[in-house]
Visitor: 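Dumping the structure here so I can ask a few things about it.
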Amino acid sequence: MSSPPTGRTDEPVELDAVVIGAGFAGLYQLFRLRDRLGLTVMALEAADGIGGTWFWNRYPGARCDSESHVYWYTFSLELMREWEWSERYPGQAEILRYLNFVADKLALKRDIRFRTRVTSAHYDEAANRWHVRTETGETFIAKYLVTAVGCLSTANVPAIPGLEMFKGDWYHTGQWPHEGVDIAGKRVGMIGTGSTGIQAAPVIAAQAKHLTVFQRTANYSVPARNVPLTADFKQYVKDNAGEIRATTHQTYNGMGFRVEERNAVDTPPEERERIYEAAWERGGLQFRASFEDMLISKQANDTAADFIKSKIRSIVKDPKTAAVLSDIDHPYAAKRPPIDTNYFETYNRPNVTLVDVKAAPIRQISETGIRTDEAEYPVDIIVFATGFDAMTGPLLRMDIRGRGGIALKDVWEAGPRNYLGLQVAGFPNLFTITGPGSPSVLCNMPVAIEQHVDWITDCIDHMRAKGRERIEARAEAVEKWVTEVNEAAARTLLPLAKHSWYLGANIPGKPRVFMPYAGGLVRYREICHDVVARDYEGFALS
Ligand code: FAD
Ligand code: NAP
């Protein structure tokens, strides 16, 4: 194993590979390329620590919705047995501790350059090298470039007029200050009711003088039922690490549970109700696995949607607030379904107000508050729980140019186009971990990340063994894959959520294209495997 030289700002650093990002994906890719293939590699990371999502998202209540025993690396049974989670769903701080534990154990930090934001990556065709430039003026030159920039790492602060005049403090949840925010005694206005807003509201409400939640699209949520893990369960995880890993490789979305093989539409109403009630009591994302037709039949989905809406109306005491919260316009789980701890109950607190900004949109931020078409709401702090420029955002923020100087932003002008979510035609030796067109965000992500990293590592290993210098997706393979991604989405109810970030609909001007591959991780894994078995079908190796 060799280590790369340390860079100086005035002299390019030459490496075998550059990895951009040091979250779950970048850490594992760095480890595999360095320790398995023996390449000189450096990971370049904008933050001043590892962790990605869990470095940045420190908002009150930030927590996983994958269960802890599946939200981790599974490539090493030893690591799985050594680490012990404390809760059913780990919180942000615990996940960050876990990733630091892994990074320290594998001695990864010495090959990560922190506070190093990549601004451009240009392919030099003659030399077959990527020239990667950073905000700090450094240049790294490498044969292979792997992006591990995350799907949800580009914060979206909506352009609401007047924000610059606001005299109070404002924060985006994905860029939360590390020293925390003193909310006690403050009037807080929170915009957004996605997974983040739904997690944050109860915790903010418990500390703030008053919380005003600005809801545009009403959302479903199912109780998480978080609990500390028992000693027995912790032992079960150690004893069954191999089986847990195997299960996550066999389930549709890399979770630890299987979708029940029964249809909601064929189940008698009382029996269906009993099943939903038990799933509600058990809590968690498993609710959507209650029936296998839930995401493909609108009629089936309506039964789940009606069940949750009636729960909202039974929990929330004020009928008007309950009506606004349960006026949901999309099928259940067509957007990433949130899970919560006392979210709907929070609206029964005297210090919490819900504002329906679908009925009366936010017009302006004033010096002292948030103004809608109907009223002005005075606040001391604004929390933007407004999500991310997802999936393509982190890639397109960099100036990535392939053969002949062609820009990725031009190739993707009408939406992302690639092969298997892994490679773009015209961009040799560039790999995109959990790129659009792969199952990524529809999964328990560490499982999807490991599959991509292993595939990329095997591919580079294969190239070296065969003396190949370049790999590039063929244009016709891209064409077919884009069709496959669209067809997979069309077989589900997912595209029916018109305001979803899966479709890019949360960002003004972004092309409306369903971005992740909805055919499931098992099928996707098979496709990737078959492509290799057919000698990298769809790729040109030279
Ligand atoms: P990230 O963790 O996003 O890391 C990407 C890194 O790249 C970041 O550190 C970023 O700073 C860096 N970077 C980006 N651009 C550049 C650049 N130009 N130059 C240098 N560095 C750059 N997934 C689940 O499966 N289950 C969950 O329960 C779950 N909960 C989540 C909760 C929140 C609040 C959020 C936001 C996401 C959640 N996710 C969850 C998705 C989560 O993003 C993934 O699980 C996983 O952490 C992604 O890892 P990653 O390494 O691919 O990306
Ligand atoms: P999100 O799902 O995109 O939700 C953003 C919210 O902000 C939506 O309610 C949106 O309304 C609203 N919004 C955006 N712009 C607005 C504007 N100009 N005016 C009013 N409202 C506006 O973002 P997120 O909640 O941060 O979640 C993103 C993803 O991160 C999740 O889907 C999930 O994958 C992951 N995540 C997971 C967890 C977890 O539990 N583990 C927690 C947080 C995040 P519209 O719907 O009308 O656009």
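Just so you know, ligand 1 is whichever comes first in the structure, and atom 1 is the first atom listed for that ligand. Along the sequence shown, the residues carry numbers beginning at 1.
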Visitor: Can you tell me if Arg336 has a non-hydrogen atom under 4.0 Å from ligand 1?
Guide: yes

Visitor: Give the residue, atom name and distance (to 0.1 Å) of the protein heavy atom nearest atom 10 (C) of ligand 2.
Guide: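 Looking only at protein heavy atoms, the one closest to atom 10 (C) of ligand 2 is Arg216 NH2, 4.3 Å.
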
Visitor: Which residue and non-hydrogen atom of the protein lie closest to atom 12 (C) of ligand 2, and at what distance in Å?
Guide: Gly192 CA, 3.7 Å

Visitor: Does some non-hydrogen atom of Arg63 fall short of 4.0 Å from ligand 2?
Guide: yes

Visitor: What is the closest protein heavy atom to atom 6 (C) of ligand 2, and at what distance does it sit?
Guide: Ala385 O, 3.3 Å

Visitor: Answer yes or no: does an N/O atom from Glu45 fall short of 3.5 Å to an N/O atom of ligand 1?
Guide: yes

Visitor: In terms of residue, atom name and distance, what is the protein heavy atom nearest to atom 47 (O) of ligand 2?
Guide: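 Nearest neighbour among protein heavy atoms for atom 47 (O) of ligand 2, to 0.1 Å: Thr217 OG1, 2.4 Å.
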
Visitor: Does ligand 1 have a heavy atom under 4.0 Å from the side chain of Tyr59, from its backbone, from both, or from neither?
Guide: side chain

Visitor: Taking only heavy atoms of Pro158 into account, list the atoms of ligand 2 that are under 4.0 Å away from them.
Guide: 18 (N)

Visitor: Decide whether the shortest distance between a heavy atom of Tyr59 and an atom of ligand 2 is less than 4.0 Å.
Guide: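 Judged by the 4.0 Å heavy-atom criterion, Tyr59 does count as contacting ligand 2.
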
Visitor: Measuring only between side-chain heavy atoms, which start at C-beta, is Thr116 closer than 4.5 Å to Glu45?
Guide: no

Visitor: Under 4.0 Å from atom 39 (N) of ligand 1, is there at least one protein heavy atom?
Guide: no

Visitor: Could you tell me whether some N/O pair between Pro394 and ligand 1 is separated by less than 3.5 angstrom?
Guide: no

Visitor: I'd like to know if Val441 contacts ligand 2, where contact means a heavy-atom distance under 4.0 Å to any ligand atom.
Guide: no

Visitor: Looking only at distances, can you tell me whether any N or O atom of Ala25, backbone or side chain, sits closer than 3.5 Å to an N or O atom of ligand 1?
Guide: yes

Visitor: Check ligand 1 against Ser153 and write out every atom of the ligand that is under 4.0 Å from a heavy-atom position of the residue.
Guide: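 The atoms of ligand 1 under 4.0 Å from a heavy atom of Ser153 are 3 (O).
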
Visitor: Taking 4.0 angstrom as the limit and counting only heavy atoms of Gly52, give me the atoms of ligand 1 inside it, by number and element.
Guide: 1 (P), 2 (O), 4 (O), 8 (C), 9 (O)

Visitor: Would you mind running through ligand 1 and noting each atom that sits below 4.0 Å from a heavy atom of Phe24?
Guide: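 Selected atoms, number and element: 47 (O), 49 (O), 51 (O).
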
Visitor: Provide, to 0.1 Å, the distance between atom 44 (C) of ligand 2 and the closest protein heavy atom, together with that atom's residue and name.
Guide: Thr196 OG1, 3.4 Å

Visitor: Would you say Ala46 and ligand 1 have an N/O pair spaced under 3.5 Å apart?
Guide: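 Between Ala46 and ligand 1 (N or O atoms, distance only) the closest approach is under 3.5 Å.
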
Visitor: List ligand 1 atoms under 4.0 Å from Ala148, heavy atoms only on the residue side.
Guide: 5 (C), 6 (C), 7 (O)

Visitor: Pick, from Leu44, Asp48, Thr53, the option with the minimum heavy-atom distance to atom 35 (C) of ligand 1.
Guide: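 It is Thr53 that holds the nearest heavy atom.
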
Visitor: For Cys64, take its heavy atoms, then give the atoms of ligand 1 lying under 4.0 Å from any of them.
Guide: 27 (C), 28 (O)

Visitor: So which protein heavy atom does atom 20 (C) of ligand 2 come closest to, and at what separation?
Guide: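 It is Ile191 CG2, 3.5 Å.
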
Visitor: Does an N or O from Thr196, backbone or side chain, lie closer than 3.5 Å to an N or O of ligand 1?
Guide: no

Visitor: Report, in ascending order of atom number, the atoms of ligand 2 lying under 4.0 Å from any heavy atom of Phe388.
Guide: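 Selected atoms, number and element: 26 (O).
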
Visitor: What protein heavy atom lies closest to atom 46 (O) of ligand 2? Include the residue and the distance to one decimal.
Guide: Lys335 NZ, 2.8 Å

Visitor: For Trp56, counting its heavy atoms only, list the atoms of ligand 1 lying under 4.0 Å from any of them.
Guide: 8 (C), 9 (O), 10 (C), 11 (O)

Visitor: Kindly identify the option in Tyr89, Phe55, Trp54, Tyr71 whose heavy atom sits closest to atom 31 (C) of ligand 1.
Guide: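 Among Tyr89, Phe55, Trp54, Tyr71, the closest heavy atom to atom 31 (C) of ligand 1 comes from Trp54.
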
Visitor: Less than 4.0 Å is my threshold; does some heavy atom of Cys443 fall inside it relative to ligand 1?
Guide: yes

Visitor: Consider ligand 1: state whether an atom of it lies below 4.0 angstrom from any non-hydrogen atom of Thr116.
Guide: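 Thr116: in contact with ligand 1 (<4.0 Å).
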
Visitor: Write out the residue and atom name of the closest protein heavy atom to atom 23 (O) of ligand 2, then the distance separating them to 0.1 Å.
Guide: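 Here the closest protein heavy atom is Gly387 CA, 3.1 Å.
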
